[in-house]
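See structure below.
Note that the structure is a prediction, hence the values are computed from the model and not measured. All ligand and atom numbering here is 1-based and tracks the order in the structure.
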Amino acid sequence: MESIESFIRRLPKAELHLHLEGTITPATLVELSAQSPDARPMTFTEAEALYAYSDFTGFLQAFKTVVTELRGPAEYELAAWRMLQKLAEQGVRHAEVYISVGVIFRLRPEEDQADPDIFARIFAALERARVRGERELGITLYWIFDAVRHFTIPEAERVFRLAASMRKEYPSIIGIGLGGDERQCGSAPFRALYREAAAAGLRLTNHAGETTGPEAIREALGIGSERLGHAVSAIQDETLMEELKNRRIPLELNPTSNVRTGVCPALADHPIRRYFDQGLLVVVNSDDPAFFGATVEDEYRMAHDVHGFTREELQRLAENSFRASFLPEVEKQRWLDQIDSFR
Ligand code: ADE
Ligand code: ZN
């Protein structure tokens, strides 16, 4: 019989919860620093040290530190290209990738003054990588502009309005999202901005119930979030579970991330199995693979090894990944048909 590794790799998969900056490995940082004329080449040990954290707050800090290493368009293009190569190696055929636009703006106020078009140039570089990925690797890619919920509302407004205006030129900008620390800020303050983004044709994702309880998930649903990241705490609320099931709300689960940031004690404790068995629309994702040490392939493998997902059930997870995507219906159906005939 075919090995489980090969089965998972061949299975067409969509990755729906992946932060571009969280895919950058220490090796890529070393490569970037060696190419940069104004930076001293970094050693691997120096690069690796940037990834150290011991809890969720420390992880968010480390994530920001890695973002500061991306200085301009060339760095972003290489980071995106390396990400696409790694996705292709795992049999990922479509990805919807968060760009931490909120962090970029917060960290670059001086460059903003000196070069107001810096973000446009960074984004054009990301687009070059995306187009190359589609042409050379056969992967389709959508971008999600992510704001940081514990920064200010005007900062989120800037991110979302930029997504709305740039989407006219770049239809690959499919939606918006909110990351950051839910313990500091929920979703209700973003209600008007989410409504405005939806009216501009953007799809709405939201990190919810990662470090907080089920009420944060209700709040995220209450502002129109179409897809939820993490949603670990939904398990604590049966009525909410029913609602998520009946409304077919896709849950972008990231089990390894949750264990590594300390929000879930162990992989075996993650609610993925219970969600799946109760009929919730769950998708497995890697979130920030360079920080958490697990790829999306590893997450499928974990579902098999730790939660006893059979090959048929892994196929259902892969189907869910396309069903929950923001692809047009015809594209979704094309992938569902392929998975249906997959052996
Ligand atoms: N930004 C990147 N990864 C994140 C996560 N897991 N939660 C919140 N914000 C994030
Ligand atoms: Zn995330």
Side-chain angles (χ1 to χ4, degrees), residues 14-25 50-70 79-80 83 87 95-107 142-151 155-156 159 174-187 190 203-213 216-217 219-220 225-234 250-264 267 270 272 282-296 298-299 321 324:
E15 161 78 279
L16 303 183
H17 192 117
L18 181 65
H19 297 264
L20 166 74
E21 301 85 348
T23 68
I24 299 162
T25 57
L50 304 180
Y51 291 73
Y53 62 91
S54 55
D55 57 15
F56 185 78
T57 307
F59 157 70
L60 288 181
Q61 192 51 49
F63 182 89
K64 267 201 295 193
T65 303
V66 168
V67 177
T68 58
E69 294 299 323
L70 300 177
M83 171 187 78
L87 290 172
E96 301 186 353
V97 173
Y98 292 101
I99 311 171
S100 297
V101 182
V103 180
I104 296 174
F105 286 149
R106 171 71 71 109
L107 295 178
Y142 287 157
W143 303 110
I144 299 173
F145 279 21
D146 208 28
V148 181
R149 63 185 344 118
H150 62 271
F151 292 175
E155 283 173 279
V159 172
I174 200 74
I176 55 148
L178 279 167
D181 195 339
E182 293 177 76
R183 296 165 303 184
Q184 293 184 49
C185 187
S187 292
F190 303 96
R203 308 299 298 269
L204 310 176
T205 70
N206 199 346
H207 288 63
E210 180 183 20
T211 50
T212 51
I217 298 175
E219 201 176 311
S225 310
E226 297 177 76
R227 230 165 56 190
L228 303 175
H230 300 281
V232 187
S233 60
L251 305 182
E252 308 159 2
L253 304 183
N254 309 279
T256 303
S257 159
N258 298 143
V259 173
R260 295 294 310 277
T261 60
V263 306
C264 182
L267 289 169
H270 194 278
I272 180 170
V282 296
V283 182
V284 288
N285 307 277
S286 62
D287 203 11
D288 302 284
F291 287 84
F292 304 137
T295 61
V296 69
D298 295 331
E299 299 292 340
S321 74

Of all the heavy atoms in V148, does at least one lie under 4.0 Å from an atom in ligand 1?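 No, V148 has no heavy atoms under 4.0 Å from ligand 1.
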
Could a heavy atom of F59 be found less than 4.0 Å from some atom of ligand 1?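 Within the 4.0 Å threshold, so yes.
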
Looking at [X] and [Y], what are the two nearest heavy atoms and their distance?
X    : Y    : result
C185 : F190 : SG-CE1, 3.7 Å
V232 : N258 : CG2-OD1, 3.4 Å
F291 : E21  : CE1-O, 4.1 Å
A290 : I24  : CB-O, 3.1 Å

T256 versus D298, side-chain donor and acceptor atoms under 3.5 Å: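 No, no side-chain donor-acceptor contact under 3.5 Å.
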
Of all the non-hydrogen atoms in the protein, which one sits nearest to atom 1 (N) of ligand 1, and at what distance?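 Ranking protein heavy atoms by distance from atom 1 (N) of ligand 1, first comes H19 CE1, 3.6 Å.
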
Nearest non-hydrogen protein atom, atom 7 (N) of ligand 1: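 Result for atom 7 (N) of ligand 1: E210 OE1, 2.7 Å.
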
Proximal ligand 1 atoms for [X], defined as those under 4.0 Å from one of its heavy atoms:
X    : value
H230 : 6 (N)
G180 : 8 (C), 9 (N)
G179 : 9 (N)
F56  : 7 (N), 8 (C)

Are any of the N/O atoms on D288, whether in the backbone or the side chain, positioned under 3.5 angstrom from an N/O atom of ligand 1?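 So ligand 1 has an N or O lying under 3.5 Å from an N or O of D288.
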
From the options I176, I174, V97, select the one residue that forms a side-chain contact (heavy atoms from CB on, under 4.5 Å) with W143.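 Single pass found, and it is V97.
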
With heavy atoms under 4.0 Å as the rule, classify the contact between [X] and ligand 1 as side chain, backbone, both or neither.
X    : answer
L60  : side chain
Y98  : neither
D287 : side chain

Would you say [X] and [Y] make side-chain contact, with heavy atoms under 4.5 Å?
X    : Y    : value
H230 : S257 : yes
Y53  : F63  : no
F105 : E155 : no

By residue and atom, what protein N/O/S atoms are less than 2.8 Å from the Zn ion (ligand 2)?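 Counting only protein N, O or S atoms under 2.8 Å from the Zn ion (ligand 2), the list reads H17 NE2, H19 NE2, H207 NE2, D287 OD1.
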
Which residues pass the side chain to side chain contact (heavy atoms under 4.5 Å, CB included) test with S233, sequence neighbours left out?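 Only P214, I217, Q236 meet the side chain to side chain contact (heavy atoms under 4.5 Å, CB included) criterion with S233.
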
List the residues meeting salt bridge (Lys or Arg N to Asp or Glu O under 4.0 Å) with R227, not counting sequence neighbours, and say none if there are none.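 For R227, the residues satisfying salt bridge (Lys or Arg N to Asp or Glu O under 4.0 Å) (neighbours in sequence not counted) are E96, E252.
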
Does E210 have any salt bridge (Lys or Arg N to Asp or Glu O under 4.0 Å) partners at least two apart in sequence or in another chain, and if so, which?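 In terms of salt bridge (Lys or Arg N to Asp or Glu O under 4.0 Å), with neighbours along the sequence ignored, E210 is linked to no residue.
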
